[in-house]
Number of protein chains: 2
Amino acid sequence: MNYFSSDFKLGILGGGQLGKMLLAETRKFDIQTYVLDPSDEAPCKIACNHFVQGSLMDFETVYNFGKQVDVLTFEIELVNLEALEKLENEGKKVYPSPKTLKLIQNKGIQKEFYIQNNIPTAPFEKFESLENLKSKIQNLKLPFIWKCTEFGYDGTGVKVVRAISDLENLPNVECIAEEMIAFKNELAVIVVRNVSGEVKTYPVVEMEFHPEANQVEYVICPARIDDKIAQKAQEIALQVSKKFNHVGLLAVEMFQTQNDEILVNEVAPRPHNSGHHTIEASYTSQFENHLRATLNLPLGNCDSKVAGIMVNLVGEENFSGPVVYENIEKIMAINGVTPHIYGKKETRPFRKMGHVTIVNEDMKIARKIAEEVKNSIRVISTK
Amino acid sequence: MNYFSSDFKLGILGGGQLGKMLLAETRKFDIQTYVLDPSDEAPCKIACNHFVQGSLMDFETVYNFGKQVDVLTFEIELVNLEALEKLENEGKKVYPSPKTLKLIQNKGIQKEFYIQNNIPTAPFEKFESLENLKSKIQNLKLPFIWKCTEFGYDGTGVKVVRAISDLENLPNVECIAEEMIAFKNELAVIVVRNVSGEVKTYPVVEMEFHPEANQVEYVICPARIDDKIAQKAQEIALQVSKKFNHVGLLAVEMFQTQNDEILVNEVAPRPHNSGHHTIEASYTSQFENHLRATLNLPLGNCDSKVAGIMVNLVGEENFSGPVVYENIEKIMAINGVTPHIYGKKETRPFRKMGHVTIVNEDMKIARKIAEEVKNSIRVISTK
């Protein structure tokens with residue numbers, strides 16, 4: 001297949017920031033792209049070849065979009081699965097396969113899949129509704145993590161339940177209650193696998209989450225952990241990858257427990273926030289490798305050139321309106337600091353507006369600079 | 001000035017591959033762009049915000065285009081200088097300034113500028129026409145380099161004259177005859193300078209040219225030369241930069257003579273072929289730094305993370321038509337190899353179609369891989 005400056009068409013479901021960074025790679029290789037997104041202001045609108053505005057959850061829209069392209073991929077899991085299944089049944093190349101997505105899209109099914117496949121994960125119980133959970137609350141040990149099984153994204157649909165009253169404003173939908181793990185570290189490994197089955201893993205990264213918004217605050221690569229733990233995390237990530245039999249990226253989020261066990265938290269079959277630093281820090285970015293994998297090209301080297309840290313840029317509380325990146329010039333004056341601006345014109349509290357990558361030969365210096373960056377830049381509004 | 005996700009407009013004259021790689025940076029920062037190019041199939045057409053088709057040499061077209069934007073830059077020197085001058089006189093920010101461009105656009109004026117400013121350069125004579133040169137041929141020592149003073153680009157307008165018969169098919173235009181330097185190395189240093197006068201230099205690179213097409217074959221960073229020579233080359237590049245008082249990038253091409261003198265060959269006030277490796281090898285790419293400079297943002301670190309080598313992808317002789325990158329998958333299987341495809345649908349002999357960057361911690365390995373790349377990939381045509 002000739003992908004480069006040819007009539008080949010890659011379809012991408014979703015036109016957000018992950019798609020935008022993927023388009024940097026399709027432009028580099030001059031691969032023709034079609035993007036579907038509900039928003040007329042999607043970050044992907046600029047650098048794709050053809051933009052289609054429409055719902056990602058509507059069967060007809062996704063099906064008709066898919067018919068137009070040669071290979072179909074996605075940058076968000078919340079897409080119409082039935083349309084993907086029909087397209088795949090009709091012979092369309094859909095990567096990752098809807099079979100993989102089906103196991104991941106619903107967090108209850110995803111957790112059951114881990115149990116069935118002997119993949120270590122935190123104990124949980126599944127409930128068909130919040131009412132159902134409430135009726136069995138006496139069996140649950142507080143605190144626990146409530147997760148709705150579907151349609152959660154970027155920290156929505158997840159809540160720490162410390163008291164029964166925390167359940168009050170939650171939606172009455174299918175959910176799981178997961179044992180809250182007292183972890184030493186949250187880790188992630190991105191695995192990439194192409195159509196022919198070539199597999200590579202990125203180094204283990206270490207994550208810190210914002211306590212309220214449940215969004216990643218720092219991603220640190222490589223994780224500052226024992227080599228043996230890192231090796232174990234990579235082995236488990238590969239095991240998960242093998243079981244899902246995915247094509248493209250699989251971001252595997254894990255807990256390192258107090259006893260140095262590794263428990264799989266959840267996975268995402270697409271470019272992931274925990275891999276943004278790869279643009280500057282790695283020989284091949286996660287976006288380039290996702291593209292290589294879905295087009296069945298040889299995978300690129302996942303090693304790092306230098307240490308990398310990623311800081312998310314999320315909208316400050318109490319600001320809504322046209323965005324201003326306060327002190328962005330100040331952080332750009334520091335060596336090895338690169339802001340990525342996603343192109344959302346309006347900021348809102350906790351909205352993901354961009355990220356900043358810090359790279360340095362010396363991890364300690366990078367970590368120090370990351371804090372300086374975090375304490376300087378603010379995503380606010382003109383009004 | 002708020003550049004990020006704002007109404008600010010950057011205008012770029014020229015929509016070729018240099019512009020395309022510059023747009024990767026404007027997309028990263030979400031800076032709004034307007035691009036002017038004569039071709040409906042310009043590589044920049046996809047990732048800019050607004051594309052205007054029109055002549056870069058036509059006064060009205062360039063002037064009217066410039067009126068629409070807040071800051072104007074260019075990715076090619078062959079633009080209407082009078083329009084830029086009028087725009088600047090009317091208060092428009094044009095970077096680099098037409099004053100700088102005027103000294104560079106005409107190679108005769110450029111050479112005279114070096115003499116006036118005590119910048120070492122190869123001896124030359126200027127002639128108002130080829131006829132004029134021919135009439136004084138008895139004063140010239142063969143071989144010499146013939147260069148037309150205007151409109152030369154990518155190896156056109158330059159010829160080695162070894163015998164009088166070599167002059168036969170040359171155009172009867174203003175030209176210079178330059179002494180042919182027996183050089184050890186061709187070197188280049190890219191200098192970046194922002195509006196406020198902050199200046200940084202990239203490491204010295206070493207170049208090898210294709211003997212016939214006069215296009216760069218390998219760019220090697222850092223140059224494998226003595227530290228003292230490298231320091232001298234950087235000092236001279238800085239001196240040239242200071243004299244031109246430019247804003248943005250200035251690529252300074254130089255000869256290292258047999259006696260280790262450094263002679264300035266020519267300069268380009270824009271992103272340059274000798275800096276393409278910076279995308280993968282440097283902390284900040286030349287394109288990002290050109291953008292930072294023209295917007296008066298702090299400059300990024302010009303140091304290298306790893307060794308970098310660049311191989312141009314030019315159309316093979318005897319192939320014209322829809323392009324095919326033969327063996328591109330083979331080279332993508334090698335660690336640290338990244339192809340850049342410029343997006344030209346048709347190949348022609350010696351047409352610049354893309355480039356490949358090879359990065360590695362070890363220069364010797366990179367150099368070996370570069371040769372493997374060069375011997376594998378071929379830019380051919382389906383017809």
Side-chain angles (χ1 to χ4, degrees), chain A residues 2-7 20-21 23-24 26-33 43 46-49 198 279-281 283-284 288 292 296-301 303 305-306 322-325 328-347 353-354 359-361 382, chain B residues 2-7 20-21 23-24 26-33 43 46-49 198 279-281 283-284 288 292 296-301 303 305-306 322-325 328-347 353-354 359-361 382:
Chain A
N2 177 21
Y3 302 116
F4 308 89
S5 297
S6 76
D7 291 332
K20 175 175 178 271
M21 290 183 271
L23 292 183
T26 58
R27 289 306 302 137
K28 186 166 83 186
F29 294 154
D30 194 42
I31 291 168
Q32 200 182 169
T33 48
I46 306 294
C48 65
N49 296 64
E198 187 190 359
I279 297 173
E280 285 84 11
Y283 282 92
T284 316
E288 180 174 333
R292 286 177 179 235
N296 203 25
L297 291 164
L299 300 178
N301 184 359
D303 293 346
K305 297 172 194 166
V306 282
V323 66
V324 174
Y325 296 90
I328 189 167
E329 304 199 6
K330 191 178 157 194
I331 67 161
M332 286 175 82
I334 310 170
N335 270 356
V337 172
T338 308
H340 289 253
I341 303 300
Y342 296 159
K344 302 169 187 177
K345 295 214 180 299
E346 305 263 321
T347 183
M353 300 297 287
V359 289
N360 200 290
E361 281 194 354
T382 50
Chain B
N2 177 22
Y3 302 116
F4 308 89
S5 297
S6 77
D7 292 331
K20 175 176 179 267
M21 290 183 271
L23 292 181
T26 59
R27 289 306 303 137
K28 186 166 85 185
F29 293 154
D30 194 40
I31 291 168
Q32 202 184 166
T33 49
I46 305 295
C48 65
N49 296 65
E198 188 190 359
I279 298 174
E280 286 83 11
Y283 281 93
T284 316
E288 181 174 334
R292 287 178 179 233
N296 204 25
L297 291 165
L299 300 179
N301 184 357
D303 293 346
K305 298 172 192 165
V306 283
V323 65
V324 174
Y325 296 90
I328 190 167
E329 304 199 4
K330 191 178 157 195
I331 67 162
M332 288 176 79
I334 310 170
N335 270 356
V337 172
T338 308
H340 290 254
I341 304 299
Y342 296 158
K344 301 170 187 176
K345 294 214 180 300
E346 305 264 320
T347 184
M353 300 297 288
V359 288
N360 201 290
E361 281 194 352
T382 51

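All figures in this text were calculated on a predicted structure; none of them were measured in a lab. In what follows, chains are A, B, ... by sequence order, proteins preceding strands, each numbered from 1.
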Q. Does any non-hydrogen side-chain atom of A:K28 lie less than 4.5 Å from one of B:T338?
A.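 Yes. Closest side-chain heavy atoms under 4.5 Å.
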(Q) Using heavy-atom distances under 4.5 Å, tell me whether A:V306 contacts chain B through its side chain, its backbone, both, or neither. (A) side chain
Q. A:E288 versus chain B, heavy atoms under 4.5 Å apart: side chain, backbone, both or neither?
A. side chain
Check each atom of [X] against the heavy atoms of chain A and say whether the ones under 4.5 Å are side chain, backbone, both or neither.
X: B:K330; answer: neither
X: B:A24; answer: neither
X: B:I328; answer: side chain

Do you know which of [options] has the most heavy-atom pairs under 4.5 Å to chain B?
options: A:M332, A:K345, A:M21; answer: A:M332
options: A:E198, A:R292, A:E361, A:M353; answer: A:R292
options: A:H340, A:K305, A:R27, A:K344; answer: A:R27
options: A:P43, A:P339, A:G336; answer: A:P339
options: A:I279, A:N49, A:D30; answer: A:D30
options: A:I31, A:L297, A:L299, A:N360; answer: A:L297

Q | Among the listed options B:Y3, B:F4, B:Y342, the residue most often paired with chain A at heavy-atom distances under 4.5 Å | A | B:F4
Q. For the atom pair CD1 (A:I334) and CG (B:N301), what is the distance rounded to the nearest 0.5 Å?
A.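 It comes to 12.0 Å.
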Q. Got a second to check how far A:T382's OG1 is from B:N2's CG, nearest 0.5 Å?
A. 8.5 Å
Q. What's the verdict on side chain to side chain contact (heavy atoms under 4.5 Å, CB included) for B:Y283 and A:V359, showing C-alpha distance, side-chain angles and the deciding distance?
A. CA-CA 8 Å; B:Y283 281 93; A:V359 289; 3.7 Å; yes
Indicate the atoms forming the closest heavy-atom contact of [X] with [Y], along with that distance.
X: B:E329; Y: A:P298; answer: O-CG, 3.1 Å
X: A:S5; Y: B:I341; answer: OG-CG2, 3.4 Å
X: B:A47; Y: A:I46; answer: O-CG2, 3.3 Å

